[in-house]
S.K.: 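Take a look at the following structure, please.
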Amino acid sequence: MTWLLILILLPLVGSLVLAFLKGNDRAAVLTALGFSILEFLLVIPFWASYSPSGARLQQTSSFDWIPTFGVHIAFGTDGISLIMIAVIALLVPIVVGGLGTLDKLPPGRSAGGFLSLILLQEALTIGVFAATDVFLFYVLFEIMLIPMYFLIGGYGGANRQYAAVKFFLYSFLGGLIMLASAIGAYSLASDKLGKGTFDWATLVTVVRDAPLHTQIWLFLGFFLAFAIKAPLVPFHTWLPDAAGEAPIGVAVLLVGVLDKVGTFGFLRYCLPMFPDASKTLAPLVLVLSVIGVLYGSILAAGQRDMKRFIAYVSIAHFGFISLGIFAFNEQAMVGSATYMLNHSIATGMLIVVIGLVIARGGSSRISDYGGMAKVTPLLAGLFLLAGLSTLSLPGTNSFVSEFLVLIGAFVDQPVYTILATVGMVLAAAYVLWLYQRVMQGPVRGDALIGVGGGPGTALAPELGAKKAIRDLGGKEIAILAPLVVLVLVLGFYPKPVLDTVSPTVQQTLTAVQGGK
């Protein structure tokens, strides 16, 4: 029993416990909070036990599953999967603690059911990042869609069913295409070794020697699945709908963590297993990446809904991450790997802050707000901090990652990098414009002013009376505090993350450069 197995099993056990607490919401919240905080606390010694100078995969374990086909339940972690496991362990307690503050459950829905799905999502997502058997990875890749489907479809907005089905079908189809490529890799191993296997480390040594045309076909199967999950343009259309309809806490996990499975897949599977195909098709991926940066930035500036705004901002950021990955430069790739973590922190904080705004105004439409800084100055300050982290201001956590991507990618891909830099300018424009429209200027909009009310009041329709718009309370500050600390600390001292990620990136680049 390794630390990693404990981290996978603990939220799974918590999910099963919560399934039996559907009649007691308070007990369900306290139980989920206890399991999620314990999970986060266990991540600390798990990270401490990881040796960046050690083997590529650590905390490994393997059990026979389908021996006839060489399938194992096998897990292990490297520096990149470690930081993603850590960030989901951080975000889940925030989501659980925010229930009732960020999200109100629909009538007839219990907290036990909602939180059971949240912990199940956590367990499956950690399993995806930790899987070292390609068939197991595929199974978890598909199964983790199920709790997210029910979280969006059962607890989301007015168009939740459409958004949930679209999310599921896009990702499920991508997974099936990936399965076809995984079977192809299995056949190559069978021909070369005399027996098939889905072991990742073995497949890396076998498939990388395949002819270029074979690598390209197998690469495309994995790439399409990960490009949909990331998402890269033009495979992105499911994200604005899913993020726009998902509850705030679910959106934190969807945009903050689940999307990173795509970029993680590029680094773990596409590059080491198919090095020649990766280099051959890199120009195509770079074109899609730059289009994503510019397209996402332009559409973000034109959004009327704050949740959809975040979705398009993330599309732009994922284009930036994939640019750094397929530039095949160590600095750029380290920047992309750390950007996965920093995007989760910055975007997670921005979604939470927007959720607190929506909880006060009762609307996600930007036009329903104005002048909130006069009424809620602390909330406005944290909104600004989250926005500045999103646009990668120096001194915030995202800056180092974006800087590394730029200086690294420029060495080998100057044209693509210059075009992507335009996205940075646009980011400053759309983030500050959102802040200005929501927080600055005169207090405006019925959501804030109320019918016949004045600044600082809002209409409570269920009571037919006005209520005061208040600033952040103690619980809300506690929810945001860990994210604020990380935004500032990693902005000035990113060394622990860089030291953890860099050896894994070096090993990935060595595998790519060792191709034919």
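Both backbone and side-chain heavy atoms feed into the values below; hydrogens, waters and symmetry mates do not. The chain is numbered in sequence order, starting from 1.
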S.K.: Is it the case that the side chains of Gln59 and Ser49 hold a donor-acceptor pair, with the cut-off being a distance below 3.5 Å and no angle test?
M.R.: yes
S.K.: Is the backbone N or O of Pro67 less than 3.5 Å from a side-chain atom of Asp64, with the two atoms forming a donor-acceptor pair by type?
M.R.: no
S.K.: Among Val96, Val13, Leu12, which residue meets the side-chain contact (heavy atoms from CB on, under 4.5 Å) test with Phe35?
M.R.: Val13
S.K.: Do any N or O atoms from the side chain of Glu39 and from the backbone of Ala89 form a donor-acceptor pair under 3.5 angstrom?
M.R.: no
S.K.: For the CD atom of Gln215 and the NZ atom of Lys279, what is their distance to the nearest 0.5 Å?
M.R.: 9.0 Å
S.K.: Evaluate the side-chain proximity of Leu486 to Asn397: yes if any heavy-atom separation is below 4.5 Å, no if none is.
M.R.: no
S.K.: Applying side-chain contact (heavy atoms from CB on, under 4.5 Å), run through Leu57 and Thr132 and close with a yes or a no.
M.R.: CA-CA 9 Å; Leu57 295 176; Thr132 58; 3.7 Å; yes
S.K.: May I have the step-by-step check of side-chain contact (heavy atoms from CB on, under 4.5 Å) for Leu426 and Val293, ending in yes or no?
M.R.: CA-CA 10 Å; Leu426 294 174; Val293 172; over 6 Å; no
S.K.: Hey, does Met333 have a side-chain heavy atom less than 4.5 Å from the side chain of Leu509?
M.R.: yes
S.K.: Donor-acceptor pair, distance only, cut-off 3.5 Å: does the side chain of Asp133 make one with the backbone of His72?
M.R.: yes
S.K.: Out of the candidates Thr77, Asp78, Thr504, only one should pair with Arg56 under the side-chain hydrogen bond (donor to acceptor under 3.5 Å, both in side chains) rule; please name it.
M.R.: Asp78
S.K.: Looking at residues at least two apart in the chain, or sitting in another chain, which of them share a side chain to side chain contact (heavy atoms under 4.5 Å, CB included) with Phe235?
M.R.: Leu224, Ala227, Ile228
S.K.: Would you say the side-chain atoms of Glu245 pair up with the backbone N or O of Asn159, donor to acceptor, closer than 3.5 Å?
M.R.: yes
S.K.: Using atom types as modelled and distance alone, determine if a side-chain donor or acceptor of Thr510 lies under 3.5 Å from a backbone N or O of Gln506.
M.R.: yes
S.K.: As an exercise, state the distance from CG of Leu232 to OG of Ser322, rounded to the nearest 0.5 Å.
M.R.: 4.5 Å
S.K.: Measure the OH-CD1 distance between Tyr430 and Ile298 for me, rounded to the nearest 0.5 Å.
M.R.: 11.0 Å
S.K.: Between the side chain of Ser278 and the main-chain N/O of Cys270, is any donor-acceptor distance below 3.5 Å?
M.R.: yes
S.K.: Just by distance, do the side chain of Lys307 and the backbone of Ala246 share a donor-acceptor pair under 3.5 Å?
M.R.: yes
S.K.: Run the numbers on Leu179 and Glu142 for side-chain contact (heavy atoms from CB on, under 4.5 Å), then give the verdict.
M.R.: CA-CA 10 Å; Leu179 176 61; Glu142 297 286 44; over 6 Å; no
S.K.: For atom OH of Tyr50, is the number of surrounding heavy atoms from other residues, nucleotides or ligands below 6.0 Å larger than 12?
M.R.: yes
S.K.: Quick one, Phe75 and Leu136 - any side-chain contact, counting heavy atoms below 4.5 Å?
M.R.: yes
S.K.: If you round to the nearest 0.5 Å, how far is CG of Asp276 from CG of Leu212?
M.R.: 6.0 Å
S.K.: Do Phe223 and Phe266 have ring centres separated by under 6.0 Å?
M.R.: yes
S.K.: Got Tyr155 and Val250 here, is their nearest side-chain heavy-atom distance under 4.5 Å?
M.R.: no
S.K.: Answer yes or no: is there a side-chain heavy-atom contact under 4.5 Å between Met273 and Leu203?
M.R.: yes
S.K.: Give me the atom names and distance for the closest heavy-atom approach of Gly292 to Val233.
M.R.: CA-CG2, 3.7 Å
S.K.: I'd like to know if the side chain of Arg268 reaches the main chain of Gly265, judged simply by a donor and an acceptor atom lying under 3.5 Å from each other, with no hydrogens or angles considered.
M.R.: no
S.K.: Does Ser171 use its side chain to pair, donor to acceptor, with the backbone of Phe168 at less than 3.5 Å?
M.R.: no
S.K.: Mind listing the side-chain donor-acceptor pairs of residues 183-194 below 3.5 Å, one per line with the distance, residues two or more places apart or on another chain?
M.R.:
from: Ser187; atom 1: OG; to: Ile183; atom 2: O; distance (Å): 3.1
from: Lys192; atom 1: NZ; to: Asp209; atom 2: OD2; distance (Å): 3.2

S.K.: Rounded to the nearest 0.5 Å, what separation is found between the CD1 atom of Ile248 and the CE atom of Met306?
M.R.: 8.5 Å
S.K.: Tell me whether the rings of Phe399 and Phe403 are parallel (<30°), tilted (30 to 60°) or perpendicular (>60°).
M.R.: parallel
S.K.: Do Phe226 and Met178 come within less than 4.5 Å of each other through their side chains, counting heavy atoms only?
M.R.: yes
S.K.: Report yes if the distance between the aromatic ring centroids of Phe318 and His236 is under 6.0 Å, otherwise no.
M.R.: no
S.K.: Give the ring-plane orientation class for Phe135 versus Phe198, where under 30° counts as parallel, over 60° as perpendicular and anything between as tilted.
M.R.: tilted
S.K.: Do Leu120 and Ile146 come close enough that some side-chain heavy atom pair is under 4.5 Å?
M.R.: no
S.K.: Once the angle between the rings of Phe222 and Tyr269 is folded into 0 to 90°, is it parallel (under 30°), tilted (30 to 60°) or perpendicular (over 60°)?
M.R.: parallel
S.K.: Will you find, in the side chains of Thr338 and Ser401, an N or O donor that is under 3.5 Å from an N or O acceptor?
M.R.: yes
S.K.: Counting distance only, does the side-chain N/O of Ser389 pair as donor-acceptor with the main-chain N or O of Ala386 below 3.5 Å?
M.R.: no
S.K.: Could you tell me whether the side chain of Arg308 reaches within less than 4.5 Å of the side chain of Leu299, counting heavy atoms only?
M.R.: no
S.K.: What's the separation between atom CZ in Phe274 and atom CG in Leu220, rounded to the nearest 0.5 Å?
M.R.: 9.5 Å
